[in-house]
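What follows is a set of notes on a single structure, which appears directly below.
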Amino acid sequence: QISAPLANSTRGPPRREVAPPSNTAMAPLARAVLLTGACLVAGVAGFVAPAHPPRTAVGPLSATVEPPVIPATGMNPLEPDSYVVLGLASVFTRKKGAQGVDEVFLVEPLTAGTLETLDLGVPTSYRRVAAYRCGDLMIGDPAAPTGIRTDAYANLVAGFEGALLCEDALERTMAAARTFRRRPEAMLVDLDAVCNDYNFSTERKRIINEVYEPSFDDNVKQDASIDVYGRGGTTNSDKNLADEIERLANS
């Protein structure tokens, strides 16, 4: 007996052959896939796009608006109402070859930190301080001044004729005024007011023209103080140090 064909001996229902989809049936699916891909690409492009859109050139290149010129100091310019403080200090000068010192009254600007320190009662060489507007104190526009008006601080030096203005007064005043812009809480003196209730003291004198010239003995003492090899011996008595100075001076 001849067996049935293999195709008829398989278990289960016979398979149905499905014809491949036509172009007409695939068209909606293809459009949906393409549309989804386009939306994803657009979303990614929007995510990585810069925060600011690119500038659009308008008109000829020669008509491009230039950025504002930055002052030579590289900082924001001062304004006429900017706050600044000047102080009248008692300083001293020493004449070369003479004994003693001479007192000099010096006008110089105070930073915000200095004024706050004076307000704490720390001993100071400042007899009095006064607050001003930069527009009243400086010659020209405070953004680019050319000098300091000496008549503007007449109330500060009243009774102290011959008071001198410090060196580099304009640059120091501009720098001091900027410290009050950063620390407005340090504006402790009213504008155009003079305050003299600080802890004035000349116990530790400020000598403004003293130049220290180290002597031979100073150099030897410094060399001995940093001698980590103990070349000076086991003892550091003053006698041994004096002998070493004498030996080096006569060698």
| Side-chain heavy atoms under 4.5 angstrom apart, residues restricted to Ile, Leu, Val, Met, Phe, Trp, Tyr: same cluster for Phe160 and Leu164? | no
| query | How many angstroms lie between atom CG of Asp119 and atom CG of Leu188, to the nearest 0.5 angstrom? | reply | 5.0 Å
| message | Quick check: do Val129 and Leu115 have side-chain heavy atoms less than 4.5 Å from each other? | response | yes
| Non-hydrogen side-chain atoms of Leu137 and Ile148 separated by less than 4.5 Å | yes
| message | If we ignore hydrogens and angles and just use 3.5 Å, is the side chain of Arg128 paired with the main-chain N or O of Leu156 as donor and acceptor? | response | yes
| field | Sub-4.5 Å side-chain heavy-atom contact between Met138 and Thr173 | value | yes
| So do Asp102 and Phe92 actually touch side chain to side chain, heavy atoms under 4.5 Å? | no
| Below 4.0 angstrom, N of the basic side chain to O of the carboxylate: do Glu116 and Arg183 qualify? | yes
| request: Evaluate the side-chain proximity of Val107 to Phe105: yes if any heavy-atom separation is below 4.5 Å, no if none is. | output: no
| request: Report yes if the side chains of Glu79 and Cys134 come closer than 4.5 Å at any heavy-atom pair, otherwise no. | output: no
| request: Could you pull out the closest heavy-atom pair between Leu170 and Gly147, with the gap in Å? | output: CD2-N, 3.7 Å
| query | Cluster question for you: counting only ILVMFWY and a side-chain heavy-atom cut-off of under 4.5 Å, with indirect links fine, are Phe180 and Leu191 together? | reply | yes
| note | Here the gap from Lys205 atom NZ to Thr93 atom OG1, rounded to the nearest 0.5 Å, amounts to 12.5 Å
| request: Check whether any side-chain heavy atom of Pro145 lies under 4.5 Å from a side-chain heavy atom of Ile139, and answer yes or no. | output: no
| query | Do Ser125 side-chain atoms and Ala89 backbone N/O form a donor-acceptor pair below 3.5 Å? | reply | no
| said: Please say yes or no: joined through hydrophobic side-chain contacts below 4.5 Å, possibly via intermediate residues, are Val157 and Leu165 part of one cluster? | reply: yes
| Any side-chain heavy-atom pair of Arg181 and Leu78 under 4.5 Å | yes
| said: For a quick check under 3.5 Å, do Tyr132 and Asn155 share a side-chain donor-acceptor pair by atom type? | reply: yes
| request: Go through Val101 and Ile207 one step at a time and tell me if the side-chain contact (heavy atoms from CB on, under 4.5 Å) criterion holds. | output: CA-CA 8 Å; Val101 292; Ile207 301 178; 4.1 Å; yes
| request: Kindly compute the distance separating CG (Asp136) from CG (Asp81), expressed to the nearest 0.5 Å. | output: 8.5 Å
| Are a donor atom and an acceptor atom from the side chains of Thr111 and Thr114 found within less than 3.5 Å of each other? | yes
| field | Interatomic spacing from CG in Leu86 to OH in Tyr153 - rounded to 0.5 Å | value | 8.0 Å
| remark: In this structure, OH of Tyr198 is separated from CG of Leu120 (nearest 0.5 Å) by 10.5 Å
| request: Following the transitive rule for hydrophobic clusters with a side-chain heavy-atom cut-off under 4.5 Å over Ile, Leu, Val, Met, Phe, Trp and Tyr, establish whether Val194 and Phe200 coincide in one cluster. | output: no
| said: Less than 4.0 angstrom from a charged side-chain N to a carboxylate O is my criterion; do Arg94 and Glu103 meet it? | reply: no
| note | Distance col, row Tyr126:OH vs Leu88:CG, nearest 0.5 angstrom, shows 10.0 Å
